[in-house]
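To find a chain, count down the sequence lines: A is the first, B the second, and so on, and within it residues start at 1. As a basis for the values below, the full set of heavy atoms in this structure was taken, side chains included, without hydrogen atoms, waters or symmetry mates. Quick caveat: nothing in here was measured; it's all calculated off a predicted structure.
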Number of protein chains: 2
Amino acid sequence: MSVEKTATAKKPSRIQLRNRKKILDAALEVFSQHGYRGATLDQIAEHAGLSKPNILYYFDGKEAIHVTLLNKLMENWLDPLHEMNPNGDPLEEICAYVRRKTEMSREFPRESRLFANEILQGAPRMAPHLETGLKPLFDEKTAVIQGWMDAGKINRVDPRHLVFSIWATTQHYADFEAQVSVLTPGEKDIIQGAETYLDTLFRKLLAP
Amino acid sequence: MSVEKTATAKKPSRIQLRNRKKILDAALEVFSQHGYRGATLDQIAEHAGLSKPNILYYFDGKEAIHVTLLNKLMENWLDPLHEMNPNGDPLEEICAYVRRKTEMSREFPRESRLFANEILQGAPRMAPHLETGLKPLFDEKTAVIQGWMDAGKINRVDPRHLVFSIWATTQHYADFEAQVSVLTPGEKDIIQGAETYLDTLFRKLLAP
DNA sequence: CTGCTTTTTTACCATTTGGTAAAGTGACGA
DNA sequence: TCGTCACTTTACCAAATGGTAAAAAAGCAG
């Protein structure tokens with residue numbers, strides 16, 4: 001069921017491993033900057049330091065590369081939400097989640113933009129993933145938060161909008177980096193300040 | 001200095017006005033969905049109900065259409081921020097700004113996505129606009145907010161991050177609509193709930 | 001070294017895409 | 001009614017783009 005070529009039972013060679021990684025890294029760079037339709041195989045090939053036909057030796061086509069990237073992305077992207085512990089202290093769990101998401105905006109801006117591009121354009125290649133991967137987790141965690149509110153541990157707000165606002169505020173620094181950097185010139189680490197601000201924001205909202 | 005063809009001193013005819021509007025509306029639809037490089041003149045032509053050469057009779061090319069759209073967008077996009085009155089009640093002014101921005105996400109989602117697409121891809125055709133249009137306004141208004149904080153009218157936070165978080169949370173509902181609609185199925189007007197939630201969010205943050 | 005497999009390159013191709021030239025059509029004032 | 005100007009269509013084109021076939025080169029087990 002893999003999208004990669006030669007993905008039979010045989011274990012991939014050292015060369016395959018290395019080149020697949022080079023291709024995916026180059027593709028992440030290009031797709032995250034130009035979106036799916038704006039990216040070209042030639043750009044990816046150049047970034048990867050390989051020829052275009054050579055890239056098509058490793059992947060079945062442009063779409064296959066994109067899908068592979070999105071698959072790998074979803075694994076890591078949902079991790080921080082998974083880590084939110086229903087048995088932990090509610091306020092601290094949520095603030096820790098905000099911190100982890102902010103951290104990802106700093107560490108993986110390309111992944112954030114790849115995701116943003118895909119969603120912006122209607123999630124044509126990711127709708128299934130949203131349904132089967134994100135939706136159940138979202139329902140589960142909003143229910144947990146609702147439980148915390150019902151128990152009076154945190155202030156009562158719509159948990160869905162709470163999660164949306166966490167995603168929006170944290171990913172903003174990666175997705176809108178071009179704007180942020182124009183408006184805060186010479187700032188060495190604007191995300192540092194964001195971490196402090198967002199902690200205050202959600203603490204004030206939720207403190208019972 | 002206009003980007004449109006035949007933009008001499010002569011006033012545009014009725015036909016020109018109608019067709020330019022048709023083209024720009026079609027272009028907004030297509031660019032906001034696919035981004036600049038992903039959009040094609042053929043798509044725009046079809047949406048506009050005109051032939052491709054006919055479109056190029058009214059505009060100098062694909063880029064000219066895009067630039068025209070971005071120019072018109074910036075006018076309206078900054079309006080809500082302009083309306084924030086330094087002499088009004090601080091908390092109410094900011095909450096009113098949040099409300100206006102939320103409203104725009106509901107009323108003009110395509111414009112929001114057009115903007116988001118452009119920023120996501122590094123603002124290649126809008127960097128000047130950000131510098132000359134947005135930046136001064138941003139500096140002015142963050143200074144106003146800082147003044148309110150210094151006067152003890154609202155709680156003290158970094159005004160820049162405050163504004164970023166307002167943009168992020170309000171535009172999220174338009175830009176990530178594909179994701180939001182998957183996670184809140186059957187919701188007739190999710191933005192209604194967002195308005196309530198965001199009012200609470202920023203009130204709790206800023207109430208002195 | 002030898003023969004076999006894996007990897008890479010060269011040379012293409014069909015389609016799409018932004019754009020143009022020029023002929024044709026229509027509206028409208030003199 | 002006629003000529004002029006504004007608008008539209010038809011027929012193209014060159015470049016870019018995703019993709020392929022097949023030869024050449026590089027690894028590598030024996």
Estimate the overall bend of the helix from dC1(C)-dG30(D) to dA30(C)-dT1(D) from the end axes over five pairs each, rounded to 10 degrees.
10°
Please write out the pairs of protein N or O atoms and N or O atoms of nucleotides 9-19 of chain D separated by less than 3.5 Å, giving the distance to one decimal.
from	atom 1	to	atom 2	distance (Å)
dG18(D)	OP1	Ala39(A)	O	3.3
dG18(D)	OP1	Lys62(A)	NZ	3.1
dG18(D)	OP2	Leu41(A)	N	2.8
dG18(D)	N7	Lys52(A)	NZ	2.9
dG19(D)	OP2	Lys62(A)	N	2.9

Pairing residues for Glu107(B) by the side chain to side chain contact (heavy atoms under 4.5 Å, CB included) criterion, not counting sequence neighbours
Glu103(B)
Polar side-chain atom of Glu93(B) near backbone of Asn85(B) as donor-acceptor pair, under 3.5 Å
yes
What is the distance, rounded to the nearest whole Å, between atom CZ of Phe59(A) and atom P of dT20(D)?
15 Å
So, using side chain to side chain contact (heavy atoms under 4.5 Å, CB included) as the criterion, who are the partners of Arg99(A) when residues are at least two apart?
Cys95(A), Ala96(A), Glu195(A)
For dT8(C) and Asn19(A) - does any side-chain N or O of the residue sit under 4.0 Å from the phosphate oxygens OP1/OP2?
yes
Contacts of Ile15(B) and Ile15(A) projected onto DNA chain D by closest heavy atom; the upstream (5') one is Ile15(B)
Can you list every salt bridge (Lys or Arg N to Asp or Glu O under 4.0 Å) pair that touches residues 116-138 of chain B, not counting sequence neighbours?
Lys135(B)-Asp139(B)
From CD of Gln16(A) over to P of dT5(C), roughly how many Å is that when rounded to an integer?
16 Å
How long is the line joining CD of Glu46(B) and C1' of dT16(C), in whole Å?
15 Å
Any donor-acceptor pair under 3.5 Å from Lys62(B) side chain to Ala39(B) backbone:
yes
Is it true that the NZ or CZ of Lys72(B) lies under 6.0 Å from the centre of Trp77(B)'s six-membered ring and within 45 degrees of the ring axis?
no
Does dT20(C) have OP1 or OP2 under 4.0 Å away from a side-chain N or O of Tyr57(B)?
no
Grab the NE2-P distance between His34(B) and dT16(C) for me, whole Å please.
15 Å
Do Ser165(A) and Tyr197(B) get their side chains close enough for a donor-acceptor pair, meaning under 3.5 Å?
yes
Taking only residues two or more places apart in sequence or in another chain, which ones pass ring pair (Phe, Tyr, Trp, His ring centres under 6.0 Å) with Phe31(A)?
Tyr36(A), His66(A)
